[in-house]
Amino acid sequence: MAQAKRSVRTRRGASARKRPPPPQFTAKTADKHVLYQLSVQDAAVEVDFIVKAYQRVHRRAPRTLREDFCGTSLICCHWVKSDPARSATGVDIDPKVLAWGRKHNVAPLGDAAERITLLQADVRAKSARKFDAICAFNFSYWIFTTRDAMRDYFQRVRAGLAPGGIFCLDSYGGWESVEPMYERRSIKRKFTYVWDQDSFDPITHRVVNYIHFEFKDGTKLEKAFRYDWRFWSLPELRELLEEAGFSRVDVYWDRSESEDEEDYRPTTRASNHPGWLAYLVAVR
Ligand SMILES: C[S@@+](CC[C@H](N)C(=O)[O-])C[C@H]1O[C@@H](n2cnc3c(N)ncnc32)[C@H](O)[C@@H]1O
């Protein structure tokens, strides 16, 4: 009996050596939301940023978060996991991505899932609750393409904040961010993420960008995500946040000397850079 078992194991091992297991990610098998999360989201870093920005204004830690354009609600999940006193509300207009997030991110949290509410709604819908912090990350709010539409969204965010609440959003720029280009990044040596800056209109500032994924077996997931945005500048966004009634708006600029680390701090002047990311933090 023991001998038979051993020989079975040996045969399995031999055949595994001859034929390596198929790659984990291929265009046929990969889930685009998993690829997206691995490529462009670091929810632990975002949560840490929000908490620290809030604590610059208040002595206490924030408890309630609204994640606008939440997609798979990854930030909501990290928020409630990071502290049992925290609760989060994710808002997204697309029921399919919310369902994906519920199944793959929220349900595995167990009891902590009860502290998450997911709303299928427009981010401009009236908010029944007030939050310590609201975030809109990965430039999703750039879908608003006029000053009036952007100010209107900012006013609605402000109305959804508790007194002294903060609104955290991100922005990108630099001359490389308006040129047609492909930026390739290997993700955990398992697949390649491709950021495709397809077009930029210098008159309207309309930009169209795509995310593609390429796999080790040579297959590709082209145009997995498409973004049709207005490219906004930091001064425009600051002015609109102020016009929307926020009492203070800080730009957090990456002050790290190292390419591999980030150190975002409130900054009033910066030297020019070919491609940068920055945060804005607006206090109600
Ligand atoms: C780029 S994804 C952002 C995912 C995630 N928040 C992140 O940081 O990477 C943009 C999301 O915004 C949602 N969306 C677009 N317009 C919206 C609107 N007016 N109200 C709410 N959600 C919207 C889309 O359904 C999509 O899931």
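Sequence positions, counted from 1, serve as the residue numbers for this chain. Here the structure is a predicted model, which is why all the values come from computation and not from measurement.
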Using atom types as modelled and distance alone, determine if a side-chain donor or acceptor of [X] lies under 3.5 Å from a backbone N or O of [Y].
| X | Y | answer |
| --- | --- | --- |
| Ser247 | Val283 | yes |
| Lys216 | Arg189 | yes |
| Asp92 | Gly71 | yes |
| Ser256 | Asp254 | no |
| Glu236 | Ser233 | yes |

Gap between atom [atom2] of [Y] and atom [atom1] of [X] - 0.5 Å precision:
| X | Y | atom1 | atom2 | result |
| --- | --- | --- | --- | --- |
| Asp217 | Thr29 | CG | OG1 | 7.5 Å |
| Ser39 | Ile211 | OG | CD1 | 7.0 Å |
| Thr64 | Arg129 | OG1 | CZ | 6.0 Å |
| Gln197 | Glu179 | CD | CD | 7.0 Å |
| Thr89 | Arg66 | OG1 | CZ | 8.5 Å |
| Lys188 | Leu38 | NZ | CG | 6.0 Å |

- Query: Between Arg147 and Glu243, is there a salt bridge with N-O shorter than 4.0 Å?
  - Reply: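 Judged by the 4.0 Å cut-off on N to carboxylate O distance, Glu243 and Arg147 do form a salt bridge.
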- Query: Is Arg60 salt-bridged to Asp132, going by a charged N under 4.0 Å from an acidic O?
  - Reply: yes
- Between Phe200, Trp229, Trp142, which is the residue that forms a ring pair (Phe, Tyr, Trp, His ring centres under 6.0 Å) with His205?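 Filter result, single survivor: Phe200.
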- Using ring pair (Phe, Tyr, Trp, His ring centres under 6.0 Å) as the criterion, point out the one residue from Trp253, Tyr172, Tyr252 that pairs with Trp276. Trp253
Shared ILVMFWY cluster between [X] and [Y], side chains joined below 4.5 angstrom?
| X | Y | result |
| --- | --- | --- |
| Val194 | Val178 | no |
| Tyr36 | Val34 | yes |
| Leu277 | Ile187 | yes |
| Val97 | Val123 | no |
| Val40 | Leu74 | no |

Minimum side-chain heavy-atom gap [X]-[Y] below 4.5 Å:
| X | Y | answer |
| --- | --- | --- |
| Thr267 | Val251 | no |
| Arg184 | Glu214 | yes |
| Ile134 | Leu65 | no |
| Ile93 | Phe69 | no |
| Phe215 | Lys220 | no |

- Task: Classify the ring geometry between Tyr227 and Trp195 as parallel (under 30°), tilted (30 to 60°) or perpendicular (over 60°).
- Result: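 Geometry flag for Trp195 against Tyr227: tilted rings.
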- Query: Do we see a donor-acceptor contact under 3.5 Å between the side chains of Thr72 and Gln37?
  - Reply: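 A donor-acceptor contact under 3.5 Å links the two side chains.
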- So, Asn105 and Trp100: side-chain donor and acceptor under 3.5 Å apart, yes or no?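 The criterion, which ignores hydrogens and geometry beyond distance, is not satisfied for Trp100 and Asn105.
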Only pairs under 3.5 Å count here: list side-chain donor-acceptor contacts from residues 76-83, not counting sequence neighbours, and write none if there are none.
from  : atom 1 : to    : atom 2 : distance (Å)
Trp79 : NE1    : Arg63 : O      : 3.0
Trp79 : NE1    : Ser87 : O      : 3.2
Ser82 : OG     : His78 : O      : 3.3
Ser82 : OG     : Trp79 : O      : 2.6
Ser82 : OG     : Arg86 : NH1    : 2.7
Asp83 : OD1    : Ala85 : N      : 2.8

[X] to [Y] - nearest heavy-atom pair and separation:
| X | Y | result |
| --- | --- | --- |
| Val91 | Ala121 | CG1-O, 3.5 Å |
| Ala278 | Tyr264 | CA-CE2, 4.1 Å |
| Ser177 | Gly173 | OG-C, 3.1 Å |
| Arg238 | Val249 | NH2-O, 3.2 Å |
| Ala30 | Leu35 | CB-CD1, 3.8 Å |
| Val106 | Ser73 | CG2-OG, 3.7 Å |

Find out whether the Lys NZ or Arg CZ of [X] is both under 6.0 angstrom from the six-membered ring centre of [Y] and within 45° of the ring's axis.
| X | Y | result |
| --- | --- | --- |
| Lys223 | Tyr210 | yes |
| Arg230 | Trp232 | yes |
| Lys32 | Phe225 | yes |

- Task: Examine Phe137 together with Tyr279 and report whether their ring centres are nearer than 6.0 Å.
- Result: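 So the answer is yes for these two rings.
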- Task: Could you check Leu98 against Cys70 for side chain to side chain contact (heavy atoms under 4.5 Å, CB included), going step by step and ending with a plain yes or no?
- Result: CA-CA 8 Å; Leu98 287 172; Cys70 69; 3.6 Å; yes
- Item | ring-ring contact (aromatic ring centres under 6.0 Å, His included) assessment of Phe25 paired with Phe191 | CA-CA 7 Å; Phe25 295 103; Phe191 62 91; 5.1 Å; yes
- Message: side chain to side chain contact (heavy atoms under 4.5 Å, CB included) for Val208 and Arg206? Distances and angles first, verdict last.
- Response: CA-CA 7 Å; Val208 177; Arg206 179 180 180 217; 4.0 Å; yes
Return all side-chain donor-acceptor pairs below 3.5 angstrom for residues 152-170, not counting sequence neighbours, or 'none' if the list is empty.
from   : atom 1 : to     : atom 2 : distance (Å)
Asp152 : OD1    : Arg156 : NE     : 3.0
Asp152 : OD2    : Arg156 : NE     : 3.1
Tyr153 : OH     : Asp68  : OD2    : 2.6
Arg156 : NH1    : Arg124 : O      : 2.8
Arg158 : NE     : Gly245 : O      : 2.9
Asp170 : OD1    : Asn138 : N      : 3.1
Asp170 : OD1    : Phe139 : N      : 2.9
Asp170 : OD2    : Asn138 : N      : 2.7

- Task: Report the C-alpha separation of Ser171 and Leu237 in whole Å, then their side-chain angles, then the decisive distance to 0.1 Å, and conclude whether the side chain to side chain contact (heavy atoms under 4.5 Å, CB included) test is met.
- Result: CA-CA 9 Å; Ser171 179; Leu237 293 169; 3.9 Å; yes
- Item | Worked check of salt bridge (charged side-chain N to carboxylate O under 4.0 Å, His left out) between Glu262 and Arg255 | CA-CA 7 Å; Glu262 293 175 346; Arg255 306 278 287 273; over 6 Å; no
- Item | Test log, rule side chain to side chain contact (heavy atoms under 4.5 Å, CB included), inputs Lys28 and Thr219 | CA-CA 8 Å; Lys28 244 190 180 165; Thr219 58; over 6 Å; no
- Task: Please name all residues satisfying salt bridge (Lys or Arg N to Asp or Glu O under 4.0 Å) with Asp260, sequence neighbours left out, ordered by chain then number.
- Result: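 With sequence neighbours excluded, Asp260 shows a salt bridge (Lys or Arg N to Asp or Glu O under 4.0 Å) to no residue whatsoever.
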- Just wondering, more than 12 heavy atoms not from Arg185 lying within 6.0 Å of its CZ?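 Yes.
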